[in-house]
> 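One structure coming up, written as structure tokens, with questions to follow.
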Amino acid sequence: MKDSYKIKLLYSILGFFILFIIYYIVSEYIAPYIVYREEFIPTYSKIADAIYFLYKQNLIFPSIIASLRRVILGYLIGCPIGFLIGLSIGWSKKIEYSLEIPISFFRYTPALALVPLYILWFGIGELSKILLIATGACVMLIVSTYHGVRDIPAIYIKASKMLGLNGKILFSKVVIPASLPQIFDGLRVALASAWMIIVAAEIMGATEGLGYLLIAGRQFTNVSIIFFGIILIGIMVIIMDLLFKVIRSYVIKWIATY
Amino acid sequence: MNEKINLLIHSVITMVIIILLYSLISNLYFIVGKENIPPLFRRFISPTVLPPIQKIFSSMYSLFFKGIIWEHISISLIRVVSGYSIGVLIGFTIGFMMAISRRTDLLLSPIYSFARAIPPIAFVTLFILWFGIGEFSKILLITYGVCMTMIVPTYHGVRDIPAIYIKASKMLGLNGKILFSKVVIPASLPRIFEGLRMSLMSAWGLIVAAELIASFKGVGYILISAQWTLDTPMVMVGVIIVGILGYILDGTVKMFSFKFTPWIERRR
């Protein structure tokens, strides 16, 4: 059952429109009766005021850039490490057996639980946040690369060995391309989890960034700022995800023709 | 069987190596003496950064045998379980509605795909302002996060049931309720269990984060209060406890999934 593009667009506009209308009615007419401070459910004009205020204070773009820098740096540090570890445990049974417990420990510990430890180790500055994201991304990549390499049909490896491929070419021509779809899934999940980690880490201690907008809104008891921060975070995640999909399609094309 | 013994031997060896290495490095400060360590390294292996292993064990001992820990653990677990069960019900209902009705799907999926992009933890400050720092805002946060993670697997699980199953059972005269309980649910169960496991892990991460941000009890509170007092051994013990509890929670759902979907082939 394929729906045409037009119907989809129509319905999505309708859905958002209904949402906006409901919020308008709630904030204008119902809010004074259910919350003890009206600004807890701000009207649209108040949200616009807050956005204008943030714009005047020059807080919007610096926050985005600060969070983005942390996410990208942490991601770029964590993913290659996770990829290498995942590759080695997927390839060699011995390494897999010996690293089983430490890795499953990191898998079941939410990266956010490491925030206090990293703050004690690396301070409350950039380093602890970047390393936190790196840890989260690394664990995601380990799992997905490991599964990707493990699930390569044994016949591929056997056939290429029989045809005389040695270590390096075997990896670059057979193992990595065959596990690539899973690795890309892991990369995508890692990106989403990196955003989750950075938001939480910035809520717990930061002086700039999108998470800081949320905490600032809480300190000023200004819900409009929080709303705006949440929506900005959502938009950033969606943009990064779209960019990721574009990159993925290019890389997969490149691998296929290489 | 051979594989299991192999795994056991290897993991025991790694754990022993890790513990020995750690106890050596963390006690270097006392064995060699502070003055003999180059200043560059001194910062990294000072007792506040890498507490000696005996201190970690003594923190563990005091936590478990003074009995403080059980209260914190039970409170965190109660929060997770109550938020999780409500969230699963709501998420399942929404996902099911989206899967069976094309209109609902078209109407909700754009909003949903935007809302899903927002990490649930971003709502923590909003919920604190709206509902206070008590139990309600934490449970609501978990409910929201679990609901968001449950929608996708339910939706795909129900939508991807081969049409022939439904048609055949309708032809054989099954009506609504039995069709639902005997065909739709079993056919979508594997996907739903995947979702259940994913959302439980996200709920566990969320509660720890929410407790780190604002709470007076719970596992996250152990971590944050140890951080405030620069009690590194306690932080490490807290992280280990969080990991073990996460493992237990996931293991429980995994066990249920083995029990209820025995026909699925699984690898470890």
Side-chain angles (χ1 to χ4, degrees), chain A residues 1 3 7-8 10-16 18-19 35 40 93-94 96-102 104-117 119-121 150-151 192 195-197 199-200 203-204 210-211 214-215 217-218 221 223 226-227 229-231 233-235 237-238 241, chain B residues 3 6-11 13-15 17-18 48-49 102-103 105-111 113-115 117-126 128-130 201-202 204-206 208-209 212-213 219-220 223-224 226-227 230 232 235-236 238-240 242-247 249-250 267:
Chain A
M1 188 166 59
D3 293 302
I7 290 179
K8 270 189 180 170
L10 196 74
Y11 268 97
S12 57
I13 290 172
L14 188 69
F16 276 107
I18 292 172
L19 198 69
V35 287
F40 275 15
K93 269 269 186 270
K94 267 189 188 157
E96 181 193 336
Y97 285 149
S98 20
L99 290 185
E100 168 95 17
I101 288 184
S104 57
F105 175 74
F106 275 107
R107 250 176 93 182
Y108 291 113
T109 312
L112 297 174
L114 295 172
V115 171
L117 194 62
I119 285 179
L120 285 180
W121 277 352
R150 190 191 61 183
D151 294 347
W195 275 101
M196 163 136 188
I197 294 169
V199 170
I203 288 174
M204 275 175 240
L210 289 171
L214 300 180
I215 205 76
R218 177 179 149 194
T221 55
V223 175
I226 299 182
F227 271 174
I230 289 174
I231 289 169
I233 291 167
I235 292 172
V237 174
I238 288 176
D241 201 44
Chain B
E3 199 171 323
N6 233 334
L7 173 66
L8 193 70
I9 294 170
H10 276 89
S11 35
I13 291 174
T14 359
M15 289 317 283
I17 289 176
I18 288 176
T48 38
V49 174
R102 181 168 146 267
R103 288 241 163 98
D105 183 15
L106 284 171
L107 210 59
L108 285 186
S109 54
I111 298 173
S113 54
F114 180 75
I118 303 166
I121 192 69
F123 286 91
V124 73
T125 50
L126 187 66
I128 286 173
L129 276 187
W130 275 353
M201 282 332 279
S202 84
W204 186 236
L206 272 177
V208 173
L212 284 175
I213 291 165
V219 180
L223 287 171
I224 198 73
Q227 185 212 316
L230 281 181
T232 318
V235 174
M236 285 181 164
V239 171
I240 293 171
V242 169
I244 291 172
L245 283 177
Y247 179 75
L249 284 174
D250 188 58
R267 299 183 59 175

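Here the structure is a predicted model, which is why all the values come from computation and not from measurement. Only heavy atoms go into these numbers, but all of them, side chains included; no hydrogens, no water, no symmetry mates. Note on naming: letters A, B, ... go to the chains in the order of the sequence lines (proteins, then strands), and numbering restarts at 1 for each one.
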> Taking every non-hydrogen pair under 4.5 Å, which of A:Leu99, A:Leu114, A:Ile230 racks up the most with chain B?
A:Ile230
> To the nearest 0.5 angstrom, please state how far the CG atom of B:Leu7 sits from the CD atom of A:Glu96.
8.0 Å
> Heavy-atom cut-off 4.5 Å, strictly under: side chain, backbone, both or neither for B:Val219 against chain A?
neither
> Most heavy-atom pairs under 4.5 angstrom with chain B, which of A:Ser98, A:Gly15, A:Ser12?
A:Ser98
> Pick from B:Leu249, B:Leu129, B:Val242, B:Val235: which one has the most heavy-atom pairs with chain A under 4.5 Å?
B:Leu129
> Please classify the contact of A:Phe227 with chain B as side chain, backbone, both or neither, using a heavy-atom distance under 4.5 Å.
side chain
> What heavy-atom pair brings A:Trp195 and A:Leu210 nearest, and what distance separates the two atoms?
CZ3-CD1, 4.0 Å
> Give, as side chain, backbone, both or neither, the part of A:Ile119 having an atom under 4.5 angstrom from any heavy atom of chain B.
side chain
> Counting only non-hydrogen atoms closer than 4.5 Å, does B:Val239 touch chain A with its backbone (N, CA, C, O), its side chain (CB onward), both, or neither?
both
> Heavy-atom cut-off 4.5 Å, strictly under: side chain, backbone, both or neither for A:Leu10 against chain B?
neither
> Measuring from A:Phe40:CZ to B:Leu126:CG, what's the distance to the nearest 0.5 Å?
10.0 Å
> With rounding to the nearest 0.5 angstrom, report the CG to CZ distance, B:Asp250 to A:Arg107.
7.5 Å
> Using heavy-atom distances under 4.5 Å, tell me whether A:Ile13 contacts chain B through its side chain, its backbone, both, or neither.
neither
> What residue, out of B:Ile111, B:Leu223, B:Ile118, has the most heavy-atom pairs lying under 4.5 Å from chain A?
B:Ile111
> For chain A, find which of B:Val208, B:Leu107, B:Leu245 contributes the most heavy-atom pairs closer than 4.5 angstrom.
B:Leu107
> At what distance, to the nearest 0.5 angstrom, does CD1 of B:Ile244 lie from OH of A:Tyr108?
13.0 Å
> Going from CD1 on B:Ile224 to CE on A:Met204, what distance comes out if it is rounded to the nearest 0.5 angstrom?
7.0 Å
> Measuring heavy-atom distances to chain A, does B:Ile240 have an atom under 4.5 Å in its side chain, in its backbone, in both, or in neither?
both
> Looking only at side chains, do A:Tyr11 and B:Arg103 share a donor and an acceptor under 3.5 Å apart?
yes
> Give, as side chain, backbone, both or neither, the part of A:Ala192 having an atom under 4.5 angstrom from any heavy atom of chain B.
neither
> So for A:Leu214, is it side chain, backbone, both, or neither that comes closer than 4.5 Å to the heavy atoms of chain B?
both
> So do B:Tyr247 and A:Ser104 actually touch side chain to side chain, heavy atoms under 4.5 Å?
no
> With a 4.5 angstrom heavy-atom cut-off, which part of A:Ile203 approaches chain B: side chain, backbone, both or neither?
side chain
> Should A:Met196 and B:Leu206 count as side-chain neighbours, where that means a heavy-atom distance under 4.5 Å?
yes
> Looking at A:Leu112, A:Leu120, A:Ile233, which makes the most heavy-atom pairs under 4.5 Å with chain B?
A:Leu120
> For a quick test of reading the model, state the closest non-hydrogen atom pair linking A:Thr109 to B:Gly243 and the distance between them.
OG1-CA, 3.3 Å
> How are the rings of A:Phe16 and B:Phe114 set relative to one another: parallel (under 30°), tilted (30 to 60°) or perpendicular (over 60°)?
perpendicular
> Let me know if B:Leu230 has heavy atoms under 4.5 Å from chain A in its side chain, its backbone, both or neither.
both
> Sort B:Ile128 into side chain, backbone, both or neither according to what part of it lies under 4.5 angstrom from a heavy atom of chain A.
side chain
